[in-house]
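Order of appearance sets the numbers: ligands from 1, and atoms from 1 within every ligand. The structure displayed is predicted, hence computed values, not measured ones.
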Amino acid sequence: MSSSIKNICCIGAGYVGGPTMAMMAYKCPDLIFNVVDINELRIAEWNNEDLSKLPIFEPGLQKIIAKTRNKNLFFTTQIKEMIESADIIFISVNTPTKQKGLGAGKSSDLKWVEASARQVARFAKGHTIVVEKSTLPVRTAEVIQSILNSSGSNTNKERNSFSVLSNPEFLAEGTAIKDLENPDRVLIGGEDETAMILLSQIYKAWVPESKILFTNIWSSELAKLTSNAFLAQRISSINSISAICEVTGADIREVSRAIGKDTRIGSKFLDSGPGFGGSCFKKDILNLVYLAEYFGLLHVANFWEQVIKINDWHQQRIAKIVVEKLFGTITHKKIIILGFAFKANTNDTRESAAIKICKDLIEEGAELIIHDPKVSPVQIEKELQIKPISENKNDDIFSFKNKEGNWRFSNNLNIFDNAHAVLILTEWEEYKYIDWFNAAQKMQRPAWVFDSRSIVNSELIKKSGINLWRLGDGS
Ligand code: NAD
Ligand code: UGA
């Protein structure tokens, strides 16, 4: 094996592959990073000269891309060539929950990982370090290793050898650049010490050595799933307590502050909200549940499954509260939805609480106007699987009747006319500065604001004459 590395390839130009390689390229100007993807459109978007059109929105990303792209960072569909020239290959492809077959609904679908491993086996030359960047079930490294050892063409096999490492990614969307620049830890799991040291050399360009942890490969894979399960468990815990607050007169913000001061508990990840979303928490817990069931640990499986069940229940609870407060019926009532992304500062809508809540409200007959500063109407339509009302510039925005669909998108906040209620689902900064006095003049009476993120100024809302419901506020 060569004692140094020069060319790095990343398979998968998504929310992880793109920002992670951009940060590495920024911190390691002497190394070459090639990010490859089968999705031509995505690669074209990464190469768009207009940096506001990158496929993902992430604060700070444009600046780093501007400094690295076409210098030592390249986005391309030339998968074969980039694998051939790589010393290290990161596999950073999607690993969603399996939809059918054995383990459907719980285990991860590894078809994209398997396809990547086969491509590597086919095209890699010499000794190659293959790094699991995707979040994977425990013992997937074994599967990858066996594909690499057996699937190459005969001539290739003679010349090839591989070391498989696990190097899970812990970035959170919306803060990805900050998280990558200053990670709590970098985890490298493996058996080949030389390969582990070579990989760690990339990170050492900016991460202190004390934060780089070496473990065995199975611990590394399991630590990633466990980390997400613990984080999600905190959210389900605090959301379950928010329901108790509402019926007892307690206030979830005060309870969170009080328990967070205990240094053993800590103050982070204690914000109650509409339920956790995002592409990973649910799928990674389901993965853990599947693993526990597979090994006959049913009590363990049930324990973790409850985290998801509480989250589902909590999301339904919010839609029900809206209906109850609006006199038990929302048919033809205009409800403004503020925020569709699963959290602020991202354009990602995967598993967003807004999907289930909006569907439930539409099912009840409501007419929704959905605003989000970064999510496109096309994306919302894809998630809801319901067409918006037909676009006609001359239409009165509020006359939904006899039109297709029961929602429409707005890219601005001049949307309060005749609305019965506003439901805040994503904590976008701009929602903090809405002029509620002005909105109150335009809304139907009684007007309601439902704040599931605790971001509005409750005193101002009340003074404006609008009724306020805040999650977890029983006071
Ligand atoms: P994503 O869907 O945004 O991106 C995956 C990309 O891989 C897609 O663009 C897809 O076209 C590409 N791809 C699939 N198969 C391919 C192949 N054979 N060859 C080339 N390209 C291929 O997914 P993501 O959000 O970046 O997540 C990737 C992995 O990282 C998942 O395992 C996820 O659990 C994990 N993860 C995600 C986050 C996050 O915040 N999104 C954070 C940490 C870890
Ligand atoms: C999460 C983890 O935080 C990352 O460490 C991990 O790498 C990533 O999953 C992954 O494996 O994909 P992410 O899902 O991007 O990151 O975002 P989070 O900040 O964790 O938020 C997840 C959900 O929990 C969001 O819907 C958010 O609104 C919600 N949340 C978060 C709360 O409701 N309350 C909180 O206090 C924190």
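Using a non-hydrogen distance threshold of 4.0 Å, Glu351 does not register as a contact of ligand 2. In this structure, Arg453 is part of the shell of residues with a heavy atom less than 4.0 angstrom from ligand 2.
Considering backbone and side-chain N/O of Gly273, none are found under 3.5 Å from N/O of ligand 2. Residue Ser279 has no N or O atom closer than 3.5 Å to an N or O atom of ligand 2. Geometrically, ligand 1 and Thr135 share a nitrogen or oxygen pair separated by less than 3.5 Å. Residue-to-ligand polar distances place Thr95 within reach of ligand 1: an N/O pair is separated by less than 3.5 Å. Considering backbone and side-chain N/O atoms, Leu171 comes within less than 3.5 Å of an N/O atom of ligand 2. For ligand 1, the polar-atom distance check finds no N/O of Lys224 at less than 3.5 Å from any of the ligand's N/O atoms. The N/O atoms of Ala172, backbone and side chain alike, include none that comes under 3.5 Å of an N/O atom in ligand 1. At least one N/O-N/O distance between Glu173 and ligand 1 falls below 3.5 Å. For ligand 1, the polar-atom distance check finds no N/O of Lys133 at less than 3.5 Å from any of the ligand's N/O atoms.
Atom 21 (N) of ligand 1 has as its closest protein heavy atom Ile38 N, 3.4 Å. Regarding atom 13 (N) of ligand 1, its nearest protein heavy-atom neighbour is Val93 CG1, 3.6 Å. Among all protein heavy atoms, the one lying closest to atom 24 (P) of ligand 1 is Tyr15 N, 3.9 Å. The protein non-hydrogen atom at the shortest distance from atom 15 (N) of ligand 1 is Trp112 CD1, 3.2 Å. In terms of protein heavy-atom proximity, atom 36 (N) of ligand 1 is closest to Val16 CG2, 3.5 Å. Among protein heavy atoms, the minimum distance from atom 6 (C) of ligand 1 is reached at Asp37 OD2, 3.6 Å. With hydrogens left out, the protein atom closest to atom 43 (C) of ligand 1 is Glu169 O, 3.2 Å, a heavy atom.
For the 3.5 Å distance criterion, the side chains of Ser240 and His314 fail to qualify, holding no donor opposite an acceptor. A donor and an acceptor atom, one from each side chain of Asn287 and Ser108, are located under 3.5 Å apart.
Both the backbone and the side chain of Asn94 come within contact range of ligand 1, each with a heavy atom under 4.0 Å. Under 4.0 Å from ligand 1, not a single heavy atom of Ala176 appears. In Asp271, the parts holding a heavy atom less than 4.0 Å from any atom of ligand 2 are both the side chain and the backbone. At a heavy-atom distance under 4.0 Å, only side-chain atoms of Arg350, from C-beta outward, approach ligand 1. Neither the backbone nor the side chain of Thr346 comes within 4.0 Å of ligand 2, counting heavy atoms alone. Of all the heavy atoms of Ser134, the ones lying under 4.0 Å from any atom of ligand 1 are found in both the backbone and the side chain. Contacts between Leu171 and ligand 1 below 4.0 angstrom, taking non-hydrogen atoms only, involve backbone and side chain alike.
Note: Phe230 and Trp304 meet the aromatic proximity criterion, with ring centroids under 6.0 Å apart.
The neighbour count for Lys63 NZ, taken as heavy atoms of other residues, nucleotides or ligands under 6.0 Å away, does not exceed 12.
Residue Glu169 has at least one heavy-atom neighbour below 4.0 Å for each of these atoms of ligand 2: 7 (O). Counting the atoms of ligand 2 from 1 in the order shown, those under 4.0 Å from a heavy atom of Leu231 are 2 (C), 3 (O). Close approach to Gln119 involves these atoms of ligand 1, each under 4.0 Å from a residue heavy atom: 17 (C), 18 (N), 19 (N). Of all atoms in ligand 1, listed by their number and element, those nearer than 4.0 Å to a heavy atom of Ser92 are 5 (C), 28 (C). Of all atoms in ligand 2, numbered sequentially from 1 with element shown, those under 4.0 Å from a heavy atom of Cys280 are 10 (C), 11 (O), 12 (O). With ligand atoms numbered from 1 in the order given, ligand 2 contributes 6 (C), 7 (O), 10 (C), 11 (O) to contacts under 4.0 Å with heavy atoms of Lys224.
Within the cation-pi definition used here (under 6.0 Å to the ring centroid, within 45° of the axis), Arg185 qualifies as a partner of Phe170. The cationic group of Arg69 does not satisfy the cation-pi geometry with Trp46, failing either the under 6.0 Å distance to the six-membered ring centre or the 45° limit from the ring axis. A cation-pi arrangement is present between Lys374 and Phe57 under the rule of less than 6.0 angstrom and at most 45 degrees off the ring axis.
Across Ile129, Leu31, Leu165, Thr128, a single residue satisfies side chain to side chain contact (heavy atoms under 4.5 Å, CB included) together with Ile88, and that is Ile129.
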